[in-house]
Amino acid sequence: MPSTPDLKATLTLPQTAFPMKANLPQNEPHRLARWASLGLYEELRKARRGRPTYLLHDGPPYANGPIHLGHALNKGLKDFVVKSKTMAGFDAPYVPGYDCHGLPIEIKVDEKLGHKKLEMPAPAVLEACRAYAQKYVDLQTSQFQRIGCFGRWAAPYKTMARGYEARTLEAFYGFPEKGFVYRGLKPVYWCIHDRTALAEAEVEYQQHTSPSVFVRYKLTSDPAAIAPSLAGRDVATIIWTTTPWTLPASMAVAFHPDFEYVALAAGEGPNAPVYLIAAALAEQVAAACKLRTTKELARFQGAALDRVTFQHPFLDRSVLGVLATYVTADAGTGAVHTAPAHGADDFATGQRYGLDPTSRVDAGGHLHVDPAAWPFAVPPAFEGMKVWAANPIIVAMLEERGALLGGGELEHAYPHCWRCHHPVIFRATEQWFISLETPVKSAQGQEKTFRRLAIEEIDKVVWDPAWGKERITNMIATRPDWCISRQRIWGVPIAVFLCETCNQPIIDPNLNRKIVDLFEREGAEAWHTTDVAALVPAGSRCAGCGSHNFRKETDILDVWFDSGVSWMAVCEADPDLRSTYTLFQNQAGAQCRPEVLYLEGGDQHRGWFHSSLLTSVALRGRAPYSHVATAGWTLDELGRAMSKSLGNGVDPVDIASRMGGEIVRLWVASVDFREDMAASENLMARCAEIYRKLRNTFRFLLGNLAGFNPAADAVDERELLPLDRYMLARTRELVEKIVGPDGKSGWYGAFEFHRVYQAVNEFAIVDLSAFYLDVLKDRMYTFAPTSLARRSAQTVLWRITEALVRLVAPILSFTADEVWEHLPQIAGREASVHLALFPKPEEIFAEDATKLIAEWKRLFDLRDEVFAEMEAERKQGKIGKGLDARVEIAANESDAALLRSFGDEALAEFFNVSEVVIRSPRGVNKEGAPARPAVVALPATGVKCARCWRYTQDTADYGAWQNVCARCRGALEEMGFTPPNIEQPQTETTS
RNA sequence: GGAGCCGUGCCUCAAUGGUCACAGGAGCGGACUUAUAAUCCGAGAUCUGCUGCUGCAACAGCAGGUGGGGGUUCAAAUCCCCCCGGCUCCGCCA
């Protein structure tokens with residue numbers, strides 16, 4: 001077979017410097033450096049200045065470790081939002097932040113400093129904490145940037161910054177000044193390991209085994225007053241508790257006023273002991289306490305037990321019978337041991353009855369008995385012991401004294417400290433509280449409670465998904481007052497002076513301003529280094545007792561308060577954000593009001609969403625956001641939460657370094673973040689596979705745009721070939737779905753990133769790779785570059801690429817920017833794709849896309865038939881590729897007309913075959929069409945063109961080039977190629 | 001105890017009332033060597049029922065089948081109810 005080796009050189013094959021292999025781990029850092037040198041974030045701000053604003057306010061991650069997948073998801077989603085809003089034309093600044101104060105860091109620093117800490121002055125300890133937090137601020141910043149997140153990384157907000165600390169304190173002062181805050185004795189969750197109060201948000205429930213004991217409380221008031229039949233009997237009640245260590249603080253026994261109680265005699269005779277227990281529980285209690293034959297002596301309402309008295313089982317004092325509706329009949333005895341110092345309900349009851357709420361447990365959890373009530377000469381064995389150690393001792397003492405009626409162990413969910421994971425206790429201490437029942441005035445001047453107003457504000461916010469509204473509403477509706485004080489050091493001091501005599505705080509706005517200014521200048525350390533006298537004006541007197549001696553409060557603020565005032569410390573204060581935020585605050589309900597979005601994991605309903613709402617409603621009378629989106633949890637492939645113990649975690653930093661930050665981003669885009677999401681090495685590898693497909697599609701697009709000069713070569717939309725027009729219509733459809741008719745709604749507008757991912761993926765693989773680009777090869781490779789047909793295709797390829805690169809830019813930020821650089825250069829183009837705007841549907845294709853696509857539907861059905869037939873031929877080895885085939889279609893009239901309207905060439909291209917013959921149908925009945933057109937695929941006839949591989953009837957030798965079809969000959973002539981001299985064979989290298 | 005989510009082929013998943021349920025991966029079969037560390041085409045869910053036959057097998061066709069069951073509807077993966085399985089969050093236990 002004679003060959004013409006140089007004929008191949010006359011083809012216009014794809015040509016591009018855009019590499020097939022991405023080498024993401026190596027190349028992404030280079031692109032990051034380019035963005036940095038370009039000052040891209042600042043450029044974006046400049047480019048969008050004056051446009052409508054969109055504010056995504058960053059929830060600060062805690063700066064105490066490297067980032068994990070949840071962080072990557074969180075920041076990735078935010079980056080999609082910010083970038084897509086920016087490309088939709090909004091000015092969307094993004095100031096990332098970090099949560100820096102708090103126990104975890106202080107504990108880490110404690111471990112590092114060891115006993116040295118005790119000798120160090122407070123400012124030095126704070127300095128160590130600051131350094132520790134800063135280390136992780138820097139680490140996380142570099143990690144977030146590594147996965148391509150844009151933002152003001154050079155100046156993130158930090159809750160430990162001087163300005164932030166000053167704003168936090170200012171926010172705090174707002175509460176007492178407006179009457180939201182009280183300081184009082186109250187039981188709070190208390191971690192005896194960390195020696196601090198905890199907020200509800202800081203406890204987690206874990207399984208814990210507690211002793212479970214039934215204790216006899218002997219009645220000391222007149223039994224006949226309860227029921228006449230009890231006169232003269234030895235009466236007692238039985239309480240059940242799982243915390244024997246609270247018994248020294250037992251001040252009352254609570255009964256439900258409406259429950260029925262029985263008096264049971266245990267045994268025969270007038271001397272048998274009698275027990276008062278709830279009727280519903282009598283059987284259970286009798287069994288647990290092994291009461292033998294029981295006989296009911298009386299039956300009465302719990303209300304009858306109000307203010308009866310009992311003897312404490314081991315202390316020399318009496319215990320009051322009280323009534324409370326929280327007593328339940330599903331566990332215990334119906335008689336609830338009440339220790340006001342160690343339970344919220346107990347405390348409330350104690351207040352109603354005037355009981356002593358003093359805690360005999362110190363900050364470290366050591367028990368101390370009230371000497372006045374201790375009836376024996378020697379101190380109790382549990383004196384000074386930790387509560388857990390005291391439990392068995394107290395139980396033994398009960399047993400010894402005959403007060404223990406039953407016992408055992410109970411495994412139950414018990415609150416633990418979320419930081420140190422030790423079980424926590426309830427302990428009444430002096431704390432600062434924000435009262436949810438504070439009366440406030442709404443904007444309309446109506447009186448309501450703080451709680452009520454907060455709930456009303458929740459209602460004005462868009463919650464996504466919608467059930468978030470109900471969730472946070474329930475939380476606010478039922479939560480207790482917010483305990484905002486902590487007995488630690490690493491945080492914002494509650495910078496208040498207390499009266500040495502009566503503990504009354506000084507609430508003086510002028511003094512408060514002075515201290516805020518001090519914090520602004522010197523940071524929170526100033527509270528530790530400045531003397532009382534330097535701040536409190538001379539001659540100040542306590543409003544309560546008139547004393548003029550004051551001391552500094554040493555508690556710090558709950559860290560949830562810190563981050564919860566970020567709307568004030570950042571949005572209201574930061575020069576880049578405040579004008580937008582002020583507009584947001586003042587334009588409620590107005591059209592021009594900018595959106596303020598909070599986007600975090602669902603756990604923040606009780607965290608940041610919650611604390612931010614409360615502070616903003618209290619201080620500004622409105623919610624700090626207009627839109628709250630929540631993400632689900634990242635789980636492993638089997639749907640389990642990721643944990644160190646399971647070893648099923650996926651490290652985004654590791655994935656970025658091995659596969660690329662782009663792969664992490666693609667994974668984030670691939671999942672529906674509103675639900676729980678699966679992640680694993682395996683799934684990441686799948687994303688990498690998808691990435692390669694997308695990248696290769698871009699590469700092929702770019703390769704076929706080589707030499708295309710849009711200004712000179714682009715074909716007017718009306719002159720485009722039908723197939724090319726069809727693809728523009730498809731592209732328009734895609735654009736419309738992704739960015740909406742206006743270029744700013746659609747799936748990006750609704751944060752439906754996984755749909756963008758799916759649709760782009762499908763478009764690239766199905767519409768482009770498997771169809772359009774495949775079919776186009778013949779035209780792209782063999783036609784003269786000057787030909788209308790080829791320029792028509794290029795025009796469309798160019799528009800598709802320009803659209804696609806913008807559509808994926810928020811997600812594939814690295815790759816899109818790389819593609820951008822390889823696109824045909826046009827005047828006035830932005831330096832980065834990220835500075836560009838999303839395409840608008842009508843810019844892609846001005847006509848009715850839906851109609852055109854519907855028209856093509858029938859053609860694609862026929863194409864499927866053709867392919868099925870060709871596959872059969874292929875199986876028999878009669879043809880190989882499509883161009884080896886000739887297809888005959890016996891079509892009914894409408895099909896035939898449709899097919900003929902495209903012309904033979906276009907049809908052959910569409911089916912990717914050498915020849916298409918349309919025949920009138922045989923065997924078609926008169927009424928109408930056959931069920932399906934008769935399609936026959938046959939080996940092509942004619943001679944194969946050596947250049948374009950089509951079989952044609954007009955293939956002939958062209959000089960020394962053998963077997964060149966007439967179309968190729970025309971193209972060669974137009975391109976100025978002449979056949980090589982027959983006598984002088986072409987040498988291998990020319991020019 | 002409360003709230004909620006998920007269940008689609010071996011795997012990952014799309015599609016929230018409308019044609020024979022999208023696509024990808026893996027595996028299988030094939031083509032191409034003009035996207036080549038590529039590209040293209042094809043077959044492909046388990047099971048049940050019915051029909052074709054004297055009968056059986058194979059095969060073919062039809063129907064049903066989106067965890068199971070029921071309902072609304074001309075029409076359901078999609079809406080409603082119940083159940084099963086998996087998961088998450090919240091709360092509580094004196």
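Proteins get letters first, then strands, A, B, ... in listed order; numbering begins at 1 in each. Keep in mind it's a predicted model, so treat the numbers as computed, not measured.
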> May I ask you to verify if any side-chain N or O of A:Tyr781 is less than 4.0 angstrom from the OP1 or OP2 atom of B:A35?
yes
> A:Glu600 and A:Asn74: side chain to side chain donor-acceptor pair (under 3.5 Å), yes or no, with the steps?
CA-CA 6 Å; A:Glu600 307 295 333; A:Asn74 178 293; 2.7 Å; yes
> Kindly confirm or rule out a cation-pi arrangement of A:Arg730 over A:Phe763, judged by NZ or CZ under 6.0 Å from the six-membered ring centre and within 45° of its axis?
no
> Are OP1 or OP2 of B:C40 and a side-chain N or O of A:Lys881 less than 4.0 angstrom apart?
no
> Closer than 4.0 angstrom, basic N to acidic O: yes or no for A:Lys777 and A:Asp774?
yes
> To the nearest Å, how far apart are A:Asn912 CG and B:G42 P?
12 Å
> Evaluate salt bridge (Lys or Arg N to Asp or Glu O under 4.0 Å) for A:Arg695 paired with A:Glu818, printing each intermediate quantity in order.
CA-CA 10 Å; A:Arg695 182 177 181 89; A:Glu818 190 183 352; 2.8 Å; yes
> What's the gap between B:G7 and B:U39 when it is taken at their C1' atoms, as a whole Å value?
36 Å
> As a test of your reading of the structure, name each stem of RNA chain B as range with range, where a stem is three or more consecutive Watson-Crick or G-U pairs at under 3.5 Å.
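If one scans RNA chain B for consecutive Watson-Crick or G-U pairs, the stems found are B:1-7 with B:84-90, B:10-12 with B:23-25, B:28-31 with B:39-42, B:47-52 with B:59-64, B:67-71 with B:79-83.
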> Should A:Glu689 and A:Arg692 count as an ion pair when the cut-off is N to O under 4.0 Å?
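Yes, A:Glu689 and A:Arg692 are salt-bridged.
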> Does the B:A35 base have a donor-acceptor partner in the side chain of A:Ser769 within less than 3.5 Å?
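Result: at least one qualifying N/O pair found.
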> Does the side chain of A:Arg699 get closer than 4.0 angstrom to OP1 or OP2 of B:U36 through an N or O atom?
yes
> If you measure only the distance, is there a donor-acceptor pair under 3.5 Å linking the side chains of A:Tyr217 and A:Ser250?
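On atom types as modelled, these side chains qualify, holding a pair under 3.5 Å.
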> So do A:Thr634 and A:His68 actually touch side chain to side chain, heavy atoms under 4.5 Å?
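Contact flag for A:His68/A:Thr634 side chains = no.
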> Output the rounded distance in Å from CG (A:Asn696) to P (B:G24).
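The answer, rounded to whole Å, is 15 Å.
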> Once hydrogens and angles are ignored, does a donor-acceptor distance under 3.5 Å link the base of B:A37 to the side chain of A:Lys21?
yes
> Which nucleotide in the list B:C6, B:A23, B:C40 gets nearest to the side chain of A:Glu675?
B:C6
> B:U39, OP1 or OP2 - any side-chain N/O from A:Arg692 closer than 4.0 Å?
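So the side chain of A:Arg692 is outside the cut-off, no N or O lying under 4.0 Å from OP1 or OP2 of B:U39.
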> Is there a side-chain polar atom (N or O) of A:Arg606 under 4.0 Å from OP1 or OP2 of B:G91?
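Result: yes.
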> Under 4.0 Å from OP1 or OP2 of B:A94: is there any side-chain N or O of A:Thr241 that close?
no
> It should be established whether A:Arg479 places a side-chain nitrogen or oxygen under 4.0 Å from OP1 or OP2 of nucleotide B:C90.
no
> Choosing from B:A94, B:U33, B:G25, which nucleotide comes nearest the side chain of A:Glu689?
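When the side chain of A:Glu689 is considered, B:G25 is the closest of B:A94, B:U33, B:G25.
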